[in-house]
Amino acid sequence: MVQVPTQFDVLVMPNLYGDILSDLCAGLVGGLGVTPSGKIGANGAAIFESVHGTAPDIVGLDLANQTAMLLSTIMMLRHISLHDYRNKIRTACLDTIRDKKVLTEDLRGKSKLYLLSCAKNAVLMSRYCSYSSFSTDLRSYLAMLA
Amino acid sequence: MAGNAWRSAVSRVVGAFKNATPQSRTFTRGMQTVTLIPGDGIGPEISVAVMKIFEAAKAPIQWEERNVTAIKGPGGKWMIPPDAKESMDKNKIGLKGPLKTPIAAGHPSMNLLLRKTFDLYANVRPCVSIEGYKTPYTDVNLVTIRENTEGEYSGIEHVIVDGVVQSIKLITEQASQRIAEYAFEYARNNQRASVTAVHKANIMRMSDGLFLRKCREAAEKHRDVKFTEMYLDTVCLNMVQDPTQFDVLVMPNLYGDILSDLCAGLIGGLGVTPSGNIGANGVAIFESVHGTAPDIAGKDMANPTALLLSAVMMLRHMGLHGHAKKIEAACFDTIRDEKVRTKDLGGNSKCSEFTDAICQRVRDMN
């Protein structure tokens, strides 16, 4: 895994090994701050979550990075088959990070406007994809944030 | 377990009598005899390479070759050949190449047999980045110390009912204390700054809790070495992001199995990673942990680096630091130079050419 992680695809394993390997693999892609997670239960229950800590030192300071939460939400959208919405938000999020102009501190940027940027990218995409109700919602959300 | 304590006390006394021969363990003067177990596959050729390099370095080591392929003793119990056991008991120090476990029915794992015969309780793997052999990680310099006798590998499993199986993880005070104290002694003897206990005591409160307690007690007795504790999953996450933050890591069996291979992967794999097994009564067996590579055996293609670095570990264990440094530097310089490297290191040279290059550098340093 530490030599050529690209050789792996889906890995299934018992509890302890999973505890270890899931954190190891999260480390490979950047840590718990950018890793999504989902828990599947019996009777159709599923809970998607960010697995990082509560970071009490930066609470309320508008410094948090919501990538893990956002990517987990994206996992949730796919789970409930809202694939188009899923694709759009995912692309917006990843484009924003790739762009490197607006990043939270833990992603080696200094910006507080990360979420806004994600949202803006998502709106741009909805214009091209003509999901008008979606972009209306997003625009009102943006208005709320501004 | 009073029986074990009594038995080990008796063996210590008997050992003392056995050792009162003229050919005893004086590590700093005279030739020291070491048991050499070439092993299978590429084992013999890489052993020859190591012997050649040691001769070029004028290391005061003479080799006593032995075969450890298990035989059935009286009573039908599998054991290592008596002459091999006798040699190890006499010499105390061994160097071992890769062993293949015969497929014959009921044949035990060779490594397991050696471990039980000599009570090899600590598996030590120093993982140091090799300059000239690029991996995604640089400046790695850590040591994993793994408890090797109990834990999750105690082999105690049973069926509760059909479809429900239980496996017992055995953690004892004695074994935990022994490994913890070894870790701190190792840190002290090798000028390492800190020891980190790797555990999951938040989940396995009694077993890992006991292990952790013994580590804390050992830390109290070695206040010159810094002691920290970290959960296993956190260690793994941090290890793949920044391995330079780690120094000496001590942990129970399963975690050690995983982490030692993980760390070997960071520096280039099992082909370049040394390993040492420390046993009771002063026994220590140093070994390469890669496979026998039967596909390249006898073709002069093998890379002796792992066995050579294990032999260097052995020299340090014996206090022969000057020779250890010389041989290690010659090996690293040859790899860094990139002119003569075996195929697995990205070169085209034969094992013999690689060995000769190291020998030449060693001779130049003499």
Side-chain angles (χ1 to χ4, degrees), chain A residues 1-39 42 47-58 64-69 71-72 75 97 100 103-109, chain B residues 127 129 133-138 140 142 144 151-153 157 165-167 169 198-204 207-208 230-243 245-246 251-273 290 344 346:
Chain A
M1 187 66 82
V2 296
Q3 298 190 294
V4 182
T6 54
Q7 62 183 292
F8 297 105
D9 196 344
V10 175
L11 301 158
V12 60
M13 63 213 93
N15 212 334
L16 176 68
Y17 310 155
D19 189 10
I20 299 167
L21 266 183
S22 60
D23 271 17
L24 201 162
C25 297
L28 292 176
V29 301
L32 299 182
V34 294
T35 307
S37 177
K39 292 177 143 66
I47 301 182
F48 299 84
E49 58 173 353
S50 55
V51 282
H52 53 70
T54 54
D57 49 328
I58 59 167
N65 171 10
Q66 357 27 21
T67 302
M69 190 71 161
L71 291 177
S72 300
M75 254 181 100
I97 297 175
K100 290 197 199 180
L103 294 173
T104 47
E105 197 167 336
D106 62 309
L107 293 175
R108 287 181 205 99
Chain B
C127 294
S129 284
Y133 188 42
K134 260 188 108 349
T135 67
Y137 299 91
T138 53
V140 180
L142 55 86
T144 57
E152 300 82 349
Y153 293 169
E157 290 189 317
V165 175
Q166 217 171 45
S167 181
K169 166 174 167 164
V198 181
H199 66 99
K200 292 278 314 173
N202 51 340
I203 310 294
M204 285 170 271
S207 49
D208 280 1
M230 210 186 263
Y231 294 135
L232 172 63
D233 44 358
T234 311
V235 169
C236 288
L237 191 143
N238 291 339
M239 186 66 81
V240 296
Q241 297 195 294
D242 181 20
Q245 61 186 286
F246 295 106
M251 63 213 95
N253 213 333
L254 175 69
Y255 312 160
D257 190 10
I258 298 168
L259 265 183
S260 61
D261 270 17
L262 199 162
C263 296
L266 298 176
I267 62 163
L270 299 182
V272 294
T273 308
H290 53 69
D344 62 309

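Each chain gets a letter, A, B and so on, in the order its sequence line appears, and its residues count up from 1.
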State whether the number of non-hydrogen atoms from other residues, nucleotides or ligands found under 6.0 Å of B:Met230 atom CE is greater than 12. yes
Find out whether A:Leu24 and B:Asp233 are in side-chain contact, i.e. whether some heavy atom of one side chain is under 4.5 Å from a heavy atom of the other. no
Heavy-atom distance under 4.5 Å to chain A: side chain of B:Leu232, backbone, both or neither? side chain
Just wondering, are more than 12 heavy atoms of other shown residues or ligands nearer than 6.0 Å to CD1 in A:Ile47? no
Please state whether the side chain, the backbone, both or neither of A:Leu16 comes within less than 4.5 Å of a heavy atom of chain B. side chain
Identify which part of B:Tyr231 has an atom lying under 4.5 Å from any heavy atom of chain A, answering side chain, backbone, both or neither. neither
Decide if atom CG of B:Asn202 counts as having more than 12 heavy atoms of other residues, nucleotides or ligands within a radius under 6.0 Å. yes
Using the side chain to side chain contact (heavy atoms under 4.5 Å, CB included) definition, which of the options B:Leu259, B:Ile258, B:Val235 pairs with A:Ile20? B:Ile258
Taking B:Gln241 for its side chain and A:Leu28 for its backbone only, find out whether a donor-acceptor pair lies under 3.5 Å. no
Under 4.5 Å to a heavy atom of chain A? For B:Ile203 that would be neither
Do A:Leu32 and B:Leu237 have side chains that approach each other closer than 4.5 Å (heavy atoms only, starting at C-beta)? yes
